[in-house]
Amino acid sequence: MAHKITLIPGDGIGPEVAHAAKRCIEATGVKIEWEEVLAGQSAKEKFGDLLPEGVLTSIKKNKVALKGPIVTPIGEGFRSVNVAIRQSLDLYACVRPAKSYPGVKSYYRDIDLVVVRENSEDLYAGIEFEEGAPQTKNLIAEIEKYSKKKIRPDSGISIKPISKYASERIVRFAFEYAIKNKRKKITVVHKANIMKFTDGIFLKTSREVAQAYSGKVIFEEAIVDNMAMQLVQKPHNYDVLVLPNLYGDIISDLCAGLVGGLGVAPGANIGDNIAVFEAVHGSAPKYKGLNKVNPTAMILSGVLMLRHIGEDMAAVKLENAVKEVILEGKFVTYDLKPTPNDPTAVGTQEMADAIIKKIK
Ligand code: NAD
């Protein structure tokens, strides 16, 4: 039976990389019935709405989506379509593998890390108070009353909620992920020495959850600033990292940098029953419609999606085909060539064609 999957082409380079990924996924032989829905600028132009209700309905029904990047408009109703999708569907785990593929330019070799980022709270909860607004002044007065500390009156305030509930489910998710994917070690990353009541909860809950997995997966702790240095100096010492939202965002970009950057960084946003797969990169508007950018990040997001739907053989075939094309270095986009102006660089679809030819 065919898998039913929602496809959101997205904005900018989204439709190009989504099309390339769709073709590569289909070439593995897995039967998929795609339900294509518009979100972002294209939806705004057609329906007057950045996130039409049909998008969430389709993802809820199919439980799996492959999504292109979506522009975050400045000054429109909500902050970001991407954040709205993650929050509405409670996709609380953001999983971003960072893996070296020989042939991709990088200072490091043989990196194989997975960042598991809490996706629902922390400073990304969107609870902010603008400098000078009356409620901000009231809030500052209340905080000063309870904390007996001074806040400058011209401050903006962002709230950082971290709950036991969300910490427990993300750390449990990371352990289950580690077991399922035969990973050996989990490092919980925090700043609990300074933020005792928020990161403190994250750390304490991690230690409690880890007890249930003792003997199965190694558990260790790292303070986030030290983690950043360790990852640059000794990235091979790490395996799966689990982090609160903000640190997860920053460290996952650092990890993408370790393996050659945005063109090759896939990702997934996962909840209890629903998963949305997307590249880490954005809509790169200056490359829109040029058939120029690297489709690899989106294709590797498709590999993660194939694994998620239980099509492991197809996932292996597709990943191996990507590896071969990158290693040969012939039919690859400009960013994978020795110099960006290399005249032998091929376009997005031509790189996808080369990958399709290698699928065995
Ligand atoms: P971006 O990732 O779109 O692009 C930054 C640069 O990275 C590009 O100019 C390009 O040089 C390079 N790049 C990105 N993808 C590439 C690829 N596939 N191949 C080769 N090079 C690639 O980041 P940005 O310019 O900060 O964001 C543009 C828009 O995308 C913004 O509106 C932002 O909000 C949105 N965005 C969306 C998502 C998402 O949908 N998940 C994620 C990040 C950014």
Side-chain angles (χ1 to χ4, degrees), residues 1-10 14-37 55 58-69 85-86 89 91-101 112-116 173-174 176-183 240 264-280 294-327 348-349 351-360:
M1 222 174 61
H3 299 274
K4 287 192 179 157
I5 293 176
T6 302
L7 180 69
I8 307 168
E16 300 161 53
V17 290
H19 181 61
K22 180 179 171 218
R23 291 197 298 121
C24 290
I25 292 164
E26 285 174 346
T28 64
V30 171
K31 294 271 167 290
I32 295 181
E33 213 178 283
W34 301 96
E35 189 168 89
E36 193 168 321
V37 289
V55 175
S58 169
I59 305 174
K60 280 183 194 157
K61 178 171 57 104
N62 296 328
K63 311 267 187 279
V64 181
L66 184 65
K67 174 188 160 296
I85 291 175
R86 287 169 208 161
L89 302 172
L91 305 175
Y92 59 84
C94 177
V95 180
R96 290 181 172 172
K99 196 166 159 183
S100 301
Y101 288 100
D112 188 6
L113 293 160
V114 179
V115 174
V116 177
F173 176 95
E176 290 297 325
Y177 177 94
I179 288 172
K180 191 164 168 236
N181 292 281
K182 302 192 174 45
R183 295 283 181 159
V240 177
V264 294
N269 296 293
I270 302 180
D272 282 333
N273 299 306
I274 298 176
V276 176
F277 297 83
E278 62 178 339
V280 173
N294 192 343
T296 302
M298 193 70 182
I299 296 169
L300 292 176
S301 303
V303 169
L304 299 179
M305 187 190 83
L306 286 168
R307 279 207 193 101
H308 177 82
I309 60 173
E311 298 285 0
D312 294 276
M313 287 295 289
V316 171
K317 278 201 280 187
L318 181 51
E319 189 182 9
N320 285 343
V322 171
K323 267 188 210 163
E324 276 185 51
V325 169
I326 291 178
L327 184 61
T348 310
Q349 301 311 325
M351 182 165 175
D353 291 339
I355 292 168
I356 290 167
K357 278 203 193 113
K358 297 272 185 203
I359 294 175
K360 297 175 195 105

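Numbering starts at 1 and runs along the sequence shown. Since we're looking at a predicted model, the values are computed, not measured.
Between N181 and V114 there is no side-chain heavy-atom pair separated by less than 4.5 Å. The closest side-chain heavy-atom distance from D353 to R23 is below 4.5 Å. Contact check for L66 versus K22: no side-chain heavy atoms found under the 4.5 Å cut-off.
Scanning for side chain to side chain contact (heavy atoms under 4.5 Å, CB included) contacts around K61 gives E35, with sequence neighbours left out. With sequence neighbours left out, E36 forms a side chain to side chain contact (heavy atoms under 4.5 Å, CB included) with L7, P9. Partners of E16 by side-chain hydrogen bond (donor to acceptor under 3.5 Å, both in side chains), not counting sequence neighbours: none found. Remark: A20 pairs with P295, T348, Q349, A352 by the side chain to side chain contact (heavy atoms under 4.5 Å, CB included) rule, at least two apart or across chains. With sequence neighbours excluded, the residues satisfying side-chain hydrogen bond (donor to acceptor under 3.5 Å, both in side chains) with D272 are Y92. With sequence neighbours left out, D112 forms a side-chain hydrogen bond (donor to acceptor under 3.5 Å, both in side chains) with R183. Qualifying side-chain hydrogen bond (donor to acceptor under 3.5 Å, both in side chains) partners for T6, counting only residues two or more places apart in sequence or in other chains: S58, N62. Evaluation of the salt bridge (Lys or Arg N to Asp or Glu O under 4.0 Å) rule for K360 yields E324 as partners, not counting sequence neighbours.
Shown here for L318 and I25, the closest heavy-atom pair between the two residues is CD2-CG1, 4.1 Å. Contact between G267 and S301 at its shortest, heavy atoms only, is N-OG, 3.5 Å. When every heavy atom of P69 is checked against every heavy atom of G14, the shortest pair comes out as CD-CA, 3.6 Å. Listed here is the closest heavy atom pair of C24 and I359: O-CD1, 3.6 Å. Residues I326 and T296 approach most closely at CD1-CG2, 4.0 Å, considering heavy atoms. When all heavy atoms of A297 and A279 are compared, the closest pair comes out as CB-CB, 3.6 Å.
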Can you give each donor-acceptor pair under 3.5 Å made by side-chain atoms of residues 304-316, sequence neighbours left out, with the distance rounded to 0.1 Å?
{"residue": "R307", "atom": "NH2", "partner": "E319", "partner atom": "OE1", "Å": "3.0"}
{"residue": "E311", "atom": "OE2", "partner": "H3", "partner atom": "NE2", "Å": "2.7"}

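Put simply, CG on N269 and NZ on K67 are 8.0 Å apart, with the number rounded to the nearest 0.5 Å. A distance of 9.0 Å separates CD of E26 from NZ of K31, quoted to the nearest 0.5 Å. We find the NE2-CE distance between H19 and M298 to be 12.5 Å, quoted to the nearest 0.5 Å.
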Show, in sequence, the C-alpha distance, side-chain angles and deciding distance for Y101 and L300, and conclude whether the side chain to side chain contact (heavy atoms under 4.5 Å, CB included) test is met. CA-CA 11 Å; Y101 288 100; L300 292 176; 3.6 Å; yes
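Panel note: side chain K63, backbone K60; a donor-acceptor pair is recorded below 3.5 Å. K317 places a side-chain N or O within donor-acceptor distance of the main-chain N or O of T28, the cut-off being under 3.5 Å.
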